[in-house]
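Working notes, beginning with the structure itself.
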4 protein chains.
Amino acid sequence: MRTTDVTKTSAGGTARRAQLVGCAIDALVELGYARTSVAEVARRAGVSKGVVTYHFPSKEDLLGEVVVSLYRDAGEQIARAGAGDSVMSELEAYITSNLAFVAENPRHVRAVMEVASNVRPGDGRGEDPLVTHLQELIERGQASGELAGVVDAGVLAVTIRASIDAAAARAAVDPAADPRAHARHLATLVRLALRTEEP
Amino acid sequence: MRTTDVTKTSAGGTARRAQLVGCAIDALVELGYARTSVAEVARRAGVSKGVVTYHFPSKEDLLGEVVVSLYRDAGEQIARAGAGDSVMSELEAYITSNLAFVAENPRHVRAVMEVASNVRPGDGRGEDPLVTHLQELIERGQASGELAGVVDAGVLAVTIRASIDAAAARAAVDPAADPRAHARHLATLVRLALRTEEP
Amino acid sequence: MRTTDVTKTSAGGTARRAQLVGCAIDALVELGYARTSVAEVARRAGVSKGVVTYHFPSKEDLLGEVVVSLYRDAGEQIARAGAGDSVMSELEAYITSNLAFVAENPRHVRAVMEVASNVRPGDGRGEDPLVTHLQELIERGQASGELAGVVDAGVLAVTIRASIDAAAARAAVDPAADPRAHARHLATLVRLALRTEEP
Amino acid sequence: MRTTDVTKTSAGGTARRAQLVGCAIDALVELGYARTSVAEVARRAGVSKGVVTYHFPSKEDLLGEVVVSLYRDAGEQIARAGAGDSVMSELEAYITSNLAFVAENPRHVRAVMEVASNVRPGDGRGEDPLVTHLQELIERGQASGELAGVVDAGVLAVTIRASIDAAAARAAVDPAADPRAHARHLATLVRLALRTEEP
DNA sequence: AATGAATGAGGTTTCATTCAT
DNA sequence: CATGAATGAAACCTCATTCAT
């Protein structure tokens with residue numbers, strides 16, 4: 001329980017909001033989406049239900065904050081990873097930084113997965129931008145001849161993304177999992193699949 | 001609506017059960033887990049709520065049947081695919097038959113995904129048997145020298161499984177997706193990753 | 001409390017529905033609109049809250065039924081009153097039958113007033129059809145020369161309607177009030193206002 | 001929005017109170033009683049919720065002030081209208097000044113109606129003093145022979161009052177309505193009803 | 001087998017009010 | 001004077017489940 005005393009901790013309700021988001025994450029990880037109610041989050045925070053709806057007018061707002069705060073944190077960290085000087089090293093940096101973030105925030109990642117798998121996408125499809133970005137990266141490398149063109153860029157992009165997510169899911173639930181090792185092995189796998197015959 | 005008249009169709013109400021499972025699948029696909037209620041399933045079947053609870057003592061039983069019936073069908077079909085004469089061809093058959101099944105049963109697959117992401121796994125951990133099976137297969141190939149040993153068998157197994165699931169998720173929701181093509185490209189990817197230097 | 005045993009009273013839930021409407025009327029009269037909750041109605045009926053929402057999916061449905069059942073009853077009774085052979089006698093019949101109905105159903109009338117004064121009219125205005133009907137009647141009499149044209153038909157129509165409603169409000173709350181006497185005096189008033197100089 | 005800057009405007013916060021009453025009126029007119037919350041009033045005033053409860057210990061106090069401020073204003077204006085030299089002219093002055101006030105303060109009037117229809121009268125019954133006053137006036141005229149005695153003074157009093165209120169309700173909601181014209185026509189109506197046969 | 005009625009728990013949200021700063 | 005945080009009650013609604021017929 002994140003019942004850390006929050007009084008006098010920070011100006012504005014920022015601390016309280018952060019605490020509530022933290023409790024929501026805990027509830028999502030431990031109970032799943034369906035059993036994560038406003039009441040449950042309030043209970044974990046040791047406050048009344050009203051406090052939650054005071055800081056987050058609706059449940060959607062609270063869970064939305066769980067999601068965006070992850071994207072904010074992940075975005076910052078992954079941006080710092082910077083790009084490599086070749087497509088392959090950029091791919092590797094992508095994989096590594098993603099799973100490094102996962103290794104450090106397994107529960108937050110898991111919580112967002114719970115939310116994502118239970119929110120009906122408004123109107124429908126829409127390519128996953130994460131996958132699209134990967135695919136374009138790979139295609140660029142293939143076009144320049146740096147990478148072999150045998151394997152389908154789209155399928156490889158989906159596969160990389162899915163592998164990262166699977167490792168994340170695992171890490172969130174199994175403290176013994178090692179997302180960084182997964183990253184290394186996945187990078188190897190990708191390198192093998194994309195190596196040109198004669199370097 | 002699967003309101004096919006079911007009266008006097010079969011002994012023991014097996015047909016009614018099948019109809020209800022079908023309606024549950026439809027509801028899961030169209031409304032998502034949260035909005036799939038017993039009442040909704042009954043409405044779609046054109047019967048009263050009592051009928052559902054009569055055939056399935058609890059909601060869990062109904063959704064459980066959605067899941068096991070998929071595993072039953074998939075198991076049969078994939079078993080028929082048989083094994084190849086080499087580990088690589090067995091891997092390929094696994095990938096292909098899995099995604100062939102997905103291509104033929106996208107809605108049922110999607111429904112099971114809805115259920116799976118909302119049912120808390122009994123107590124927790126537990127290796128995924130599907131992944132374990134793949135991993136053992138790969139390790140066998142690597143031990144015999146048929147396959148290269150550079151890549152980590154566990155990570156590759158997880159990645160294959162994740163890639164298949166991602167393609168399935170996509171196919172279930174996007175009629176334009178082509179799971180069979182995904183299977184071919186994924187098989188290529190695996191072959192590249194596992195090929196020995198000098199065959 | 002209308003906790004009359006309803007079991008085995010009638011086929012279908014019609015009796016239960018009627019009982020709930022009755023309890024809603026009682027609550028509206030005794031507590032007013034704001035304090036008339038679904039829970040309160042259930043309590044008065046001696047049933048659980050769920051019963052109310054079972055028969056009336058939403059609170060709006062329940063209160064809507066309070067209103068339409070009044071209009072149904074009133075419509076039938078007033079229709080039976082029939083029309084007179086002159087405009088004046090028709091006006092008199094209107095006033096009399098309206099207040100006779102009020103005299104017999106003071107609580108139901110009061111309940112509907114509570115609802116009416118608390119439901120925001122969807123888009124806005126819209127002439128009150130009851131008033132419009134009266135106004136047309138009066139104008140017809142004035143055009144034919146049967147009634148004096150000095151007084152404004154619209155204002156008289158509004159005034160008659162308002163007077164009836166005021167008497168109704170009074171009757172609903174004061175058992176000593178006499179709506180039928182009010183009707184006689186109001187009719188006299190109208191006759192005086194509309195009499196021609198030389199008959 | 002009545003967000004007029006009120007700081008340092010007046011001693012004792014009288015201006016703030018007036019501003020809040022004004023915002024409450026706006027909310028009542030635009031949203032109705034049910035949706036007029038303390039928070040809404042504060043929002044419209046551009047201040048925090050606490051300000052409202054500071055100046056008005058309870059919601060009832062705020063809405064009460066909406067009502068009494070109307071009665072105060074109306075009382076002053078109607079008193080200025082003065083009395084006529086005959087009962088009939090006094091009746092006419094009453095009707096005219098009432099509806100003149102309505103014509104000038106339609107929103108305030110509407111707001112008070114919202115409140116009135118949602119506040120349970122203390123214990124119940126109680127003659128309406130406004131009606132009683134009218135009734136006594138009429139009876140006086142009838143006793144002196146100035147007015148005809150055919151029509152019942154009580155019913156006429158109720159009817160006049162109801163007609164004024166109906167016109168007020170209309171004016172509050174329909175800017176095209178003309179309460180002053182209503183007053184003239186109503187006065188005519190009353191005169192006709194009370195004229196003696198041979199003057 | 002099937003139905004419709006009933007239950008009661010639980011969910012989200014709104015709100016008047018209190019209070020420390 | 002003013003604020004923002006917190007509370008707790010109450011409202012409406014949904015739903016899985018039980019049961020008599």
Side-chain angles (χ1 to χ4, degrees), chain A residues 6-8 11-13 15-17 34-42 45-62, chain B residues 6-8 12-13 16 34-42 45-63, chain C residues 6-8 11-13 15-17 34-42 45-62, chain D residues 6-8 12-13 16 34-42 45-63:
Chain A
V6 93
T7 325
K8 296 184 169 104
R16 210 357 92 74
R17 282 176 61 97
R35 308 240 284 257
T36 295
S37 63
V38 169
E40 175 64 26
V41 173
V47 298
S48 83
K49 245 183 329 183
V51 175
V52 179
T53 53
Y54 174 73
H55 288 282
F56 299 93
S58 81
K59 186 188 183 179
E60 198 185 341
D61 288 299
L62 172 58
Chain B
V6 91
T7 325
K8 298 191 169 86
R16 199 14 75 82
R35 280 152 68 173
T36 295
S37 63
V38 170
E40 176 64 26
V41 173
V47 298
S48 82
K49 230 179 354 179
V51 176
V52 179
T53 43
Y54 176 79
H55 288 283
F56 297 93
S58 82
K59 188 188 184 182
E60 196 185 346
D61 290 302
L62 172 58
L63 299 188
Chain C
V6 94
T7 326
K8 295 185 169 104
R16 206 5 87 76
R17 283 175 63 96
R35 309 239 284 258
T36 295
S37 63
V38 170
E40 175 63 27
V41 172
V47 298
S48 83
K49 245 183 330 185
V51 174
V52 179
T53 53
Y54 174 73
H55 289 282
F56 299 92
S58 82
K59 187 188 183 178
E60 199 184 340
D61 288 301
L62 173 57
Chain D
V6 93
T7 325
K8 297 190 171 84
R16 202 11 78 81
R35 283 155 64 174
T36 294
S37 62
V38 170
E40 176 63 27
V41 173
V47 298
S48 82
K49 229 177 359 176
V51 176
V52 179
T53 43
Y54 176 78
H55 289 282
F56 298 93
S58 83
K59 187 189 184 181
E60 196 185 347
D61 289 302
L62 172 57
L63 299 188

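Any value given below was found using the heavy atoms of this structure, including those in side chains, with hydrogens, waters and symmetry copies removed. In this text, all values refer to a predicted model and were calculated from it rather than measured experimentally.
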Atom CG in C:D61, atom CZ in C:F56: separation rounded to 0.5 Å? 8.0 Å
Let me know the distance between OH of B:Y54 and C1' of E:dG4, rounded to the nearest Å. 17 Å
Checking E:dT3, F:dT3, F:dA5 against the side chain of D:V47 (C-beta onward), the nearest is F:dT3
Non-hydrogen atoms of C:A39 and C:K49 that approach each other most closely: CA-CG, 3.8 Å
Atom pair CD (A:E60) and CG (A:L62), whose distance is rounded to the nearest 0.5 Å: 11.0 Å
With Watson-Crick and G-U wobble geometry limited to distances under 3.5 Å, how should the secondary structure of DNA chain F be encoded in dot-bracket form, using | for bases paired to another strand and [ ] for crossing pairs? .||||||||||||||||||||
Does a nitrogen or oxygen in the side chain of C:R16 sit under 4.0 Å from OP1 or OP2 of E:dG4? no
Summary of protein contacts for nucleotides 10-15 of chain F, nucleotide by nucleotide, where a base hit scores B, a sugar-phosphate-only hit scores S (4.0 Å, heavy atoms): BSSBBS
Short side-chain N/O contact to F:dG4 OP1/OP2 from A:H55, under 4.0 Å: no
Could you state the CZ-C1' distance from A:R17 to F:dA6, rounded to the nearest angstrom? 16 Å
State, to 0.1 Å, how close C:H55 and C:R16 come at their nearest heavy-atom pair, and which atoms those are. NE2-CG, 3.3 Å
Locate the shortest heavy-atom distance separating D:K59 from D:T36; write the atom from each residue and the value. NZ-O, 3.2 Å
Taking CD from A:E40 and C1' from E:dA9, how many angstroms apart are they, rounded to a whole number? 16 Å
